[in-house]
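The structure under discussion appears below in the form of structure tokens.
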Amino acid sequence: MEPLTIETARAAQAKPLFGMLSEELRAVAAFLGLAKYRAAQLADALYKQRVNSLDEITTLPVEVRERLTAEGYTVGLPQIAQSTRSIDGTERYLMRMDDGETVETVWMPNGDGGERGDGSEAAAEEEAEESVAVTREIQIPVANDNQDGYKRATICISSQVGCAVNCQFCLTATLGMKRNLTAGEIAGQVAAVLNRQRVRIGSGRGVETPSRINLVFMGMGEPFLNYDAFIQAMHVLRAMGIPESRMTVSTSGIEPAIRRFANEPIRPKLALSLNASNDAVRQRIMPVTRKWNIAALLDALHSIPLGKREYVTFEYVLLGGVNDQPQHAREVLALLAGMKAKVNLIVWNPGPGIDFREPAPADVAVFHRMLIDGGIPTFTRKPRGRDIYAACGQLKRTVDTPAALVEIATS
Ligand code: SAH
Ligand code: SF4
């Protein structure tokens, strides 16, 4: 049995409100004998004002706040325990949950290019900005208090503590699977980062309205193995003012969950981590392929209705000598023939104890060119925050960061 620490004891009693949708908040109000409009005030405080504690909910009378506290209710946002800043402006946060477990969340001012070419609002903006930057060398304007001068930012969030999928090239996999995050813990990472960056959305709290916020479920964990919490988190994030069209979920390929996802009335965009051009290579680097092979995954993807301008996004991590050769590019083209597909190439980010090598830059260029020539819109992701282990597949916990890196003190 696990020892009972103060943290686990507190977590056992705490009833976090953050993560509850209107119906659950109405049930809380009813349980406390409060008028119905109190539930709406709670939702506003949690999702628009993004309060950190019940004391801050000034729309509620003190007695009501005291009642909530006495019943064990808390706001329950994850706490930023540590933060590390990269030379490129990326910030990586270690987020501590109520029970002391930690995950990582990444703030990327100006994104990492992952949205390009997928027909979304975020993509259109990024492409427009990039062409302007190239042709006219216009600087992105610096808003008030916005030292990085970003116009939009992408937040990469985690869905589980660790991951059970065991992809051989991924650092998160080495943690194993510790537990699922709740919906409140998933969406709460975004609230904590937005508060930290003082981003205001709509009429909510914050000192500036710099930009567009895009979200990627690409941090630690496999969102489709924590499906219900992931979907609820998406609804909470919508309540925070971020539309689902600005969210992308990435999956390693959990076929039944892709089919469920296809039937969701409201869903973010989907990216499949293809990462290999045939089942033999994929099985080697992603053992989950033994359960659902590439053909089964592509078939499941076909069940998702696509908007007019929408593409199916495939992520492809280039591993030197393993999946980055011209014959692999030809196989990818054959696999995706006839699909409205877009490919994001990701140069593999090394991690301690992981036995792969980075692809040669010339091989990346040839691979990219071959896909483009084959008619597939292809983008090579900008590696963000590699120096602080904040890039894809490098998330493991800040405590493992080399000591030479500067840690920014946090509360
Ligand atoms: N579990 C989900 C989402 C998190 S991983 C998934 O696997 O899709 C997000 C992306 O990072 C995936 O496309 C994954 O293939 C990629 N990735 C994992 N480890 C990586 C590494 N070391 N270098 C580059 N990309 C990596
Ligand atoms: Fe899990 Fe994604 Fe890493 Fe695979 S790549 S181990 S699914 S987090």
Side-chain angles (χ1 to χ4, degrees), residues 103-106 108 112-115 154-181 186 189 215-227 229-230 233 247-255 257-258 261 268-277 281-292 297 301 312-320 322-324 342-359 364 379-386 389-397 400:
V103 294
E104 295 192 336
T105 310
V106 183
M108 295 176 281
D112 68 352
E115 299 96 0
T154 300
I155 303 175
C156 175
I157 50 185
S158 294
S159 54
Q160 298 179 310
V161 185
C163 186
V165 181
N166 200 21
C167 304
Q168 301 296 297
F169 49 82
C170 172
L171 202 55
T172 303
T174 62
L175 288 172
M177 165 66 179
K178 295 207 76 177
R179 75 164 169 87
N180 277 330
L181 293 181
I186 297 172
Q189 295 166 60
L215 302 179
V216 292
F217 293 80
M218 296 187 187
M220 292 164 62
E222 170 48 59
F224 277 12
L225 288 178
N226 187 13
Y227 190 84
F230 147 67
M247 304 179 199
T248 301
V249 61
S250 172
T251 181
S252 57
I254 310 299
E255 191 252 12
I258 297 175
F261 185 77
K269 289 189 282 88
L270 180 67
L272 178 80
S273 298
L274 181 62
N275 295 348
S277 57
V281 175
R282 200 169 191 273
Q283 269 179 30
R284 192 182 134 206
I285 62 173
M286 298 178 75
V288 66
T289 310
R290 279 191 212 110
K291 206 152 183 192
W292 299 292
L297 296 177
L301 285 179
V312 186
T313 301
F314 293 91
E315 292 172 284
Y316 195 100
V317 178
L318 291 163
L319 302 160
V322 174
N323 64 359
D324 65 342
K342 168 211 157 188
V343 172
N344 273 340
L345 297 174
I346 311 174
V347 173
W348 178 68
N349 294 305
I354 304 194
D355 203 12
F356 285 99
R357 61 180 171 78
E358 292 175 63
V364 175
F379 302 86
T380 300
R381 282 259 195 104
K382 291 178 240 167
R384 298 296 311 259
R386 272 178 86 157
Y389 281 76
C392 290
Q394 288 188 309
L395 299 184
K396 190 181 167 192
R397 301 245 180 104
D400 299 332

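Values reported hereafter were calculated over all heavy atoms of this structure, with side chains retained and with hydrogens, waters and symmetry mates removed. For ligands, and for the atoms within them, numbers begin at 1 and follow the listed sequence.
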Next on the checklist: So does Phe356 get a backbone contact from the side chain of Trp348, meaning a donor-acceptor N/O pair under 3.5 Å?
Outcome noted: no

Item to check | Arg282 side chain to Leu274 backbone, donor-acceptor under 3.5 Å | outcome: yes

Checklist entry - Quick one: does ligand 2 sit under 4.0 Å from the side chain of Cys167, the backbone, both or neither, non-hydrogen atoms only? => result both

Checklist entry - Counting from 1, what ligand 1 atoms have a heavy atom of Trp348 closer than 4.0 Å? => result 21 (C), 22 (N), 23 (N), 24 (C)

Checklist outcome for this item: Gly221 heavy atoms within 4.0 Å reach ligand 2 at atoms 8 (S)

Checklist entry - Against heavy atoms of Ile346, which atoms of ligand 1 measure under 4.0 Å? => result 24 (C), 25 (N)

Checklist entry - Can any side-chain N or O of Gln168 pair as donor or acceptor with the backbone N or O of Asn166 at less than 3.5 Å? => result yes

Next on the checklist: Out of all atoms in ligand 1, which are within 4.0 Å of some heavy atom of Thr251? Include the element for each.
Outcome noted: 6 (C), 8 (O)

Item to check | Location of contacts on Glu315 toward ligand 1, heavy atoms closer than 4.0 Å | outcome: side chain

Next on the checklist: Applying a heavy-atom cut-off of 4.0 Å, say which part of Thr172 lies close to ligand 1: side chain, backbone, both or neither.
Outcome noted: neither

Next on the checklist: Between Asn323 (side chain only) and Asn275 (backbone N and O only), is there a donor and an acceptor less than 3.5 Å apart?
Outcome noted: yes

Checklist entry - Taking the inter-plane angle between the rings of Phe224 and Phe230 on a 0 to 90° scale, is it parallel (under 30°), tilted (30 to 60°) or perpendicular (over 60°)? => result tilted

Checklist entry - Under 4.0 Å from any heavy atom of Phe169, which atoms of ligand 1 are there? => result 15 (O), 17 (N), 18 (C), 19 (N), 20 (C), 21 (C), 22 (N)

Checklist entry - Which atoms of ligand 1 have any heavy atom of Asn275 under 4.0 Å away? => result 15 (O)

Item to check | Option passing side chain to side chain donor-acceptor pair (under 3.5 Å) with Glu222 (candidates Ser273, Ser250, Ser252) | outcome: Ser252

Checklist entry - Would one find an N, O or S atom of Cys163, in either backbone or side chain, under 2.8 Å from atom 4 (Fe) of ligand 2? => result no

Next on the checklist: Let's go through Glu315 and Arg381 carefully: what are the C-alpha distance in whole Å and the side-chain angles of both, what is the deciding distance for salt bridge (charged side-chain N to carboxylate O under 4.0 Å, His left out) to 0.1 Å, and is it a yes or a no?
Outcome noted: CA-CA 10 Å; Glu315 292 172 284; Arg381 282 259 195 104; 3.0 Å; yes

Item to check | For Gly219, the ligand 1 atoms whose distance to one of its heavy atoms is below 4.0 Å | outcome: 4 (C)

Checklist entry - Against heavy atoms of Ser252, which atoms of ligand 2 measure under 4.0 Å? => result 7 (S)

Checklist entry - Should you measure from each heavy atom of Ala173, which atoms of ligand 2 turn up under 4.0 Å away? => result 6 (S)

Checklist outcome for this item: If we number the atoms of ligand 1 from 1 as shown, the ones under 4.0 Å from a heavy atom of Gly221 are 1 (N), 2 (C), 3 (C), 4 (C)

Next on the checklist: Below a 4.0 angstrom heavy-atom separation, can you tell me which part of Asn166, side chain or backbone, both or neither, approaches ligand 2?
Outcome noted: backbone

Item to check | Sidechain-backbone polar pair: Asp324 side chain, Pro359 backbone, donor-acceptor under 3.5 Å | outcome: no

Next on the checklist: Heavy-atom pairs closer than 4.0 Å: do any link ligand 1 to the side chain of Asn349, the backbone, both, or neither?
Outcome noted: both

Checklist entry - Minimum heavy-atom separation for Gly219 to Cys156, with atom names? => result N-SG, 3.4 Å

Checklist entry - More than 12 foreign heavy atoms under 6.0 Å from CZ of Arg179: is that the case here? => result yes

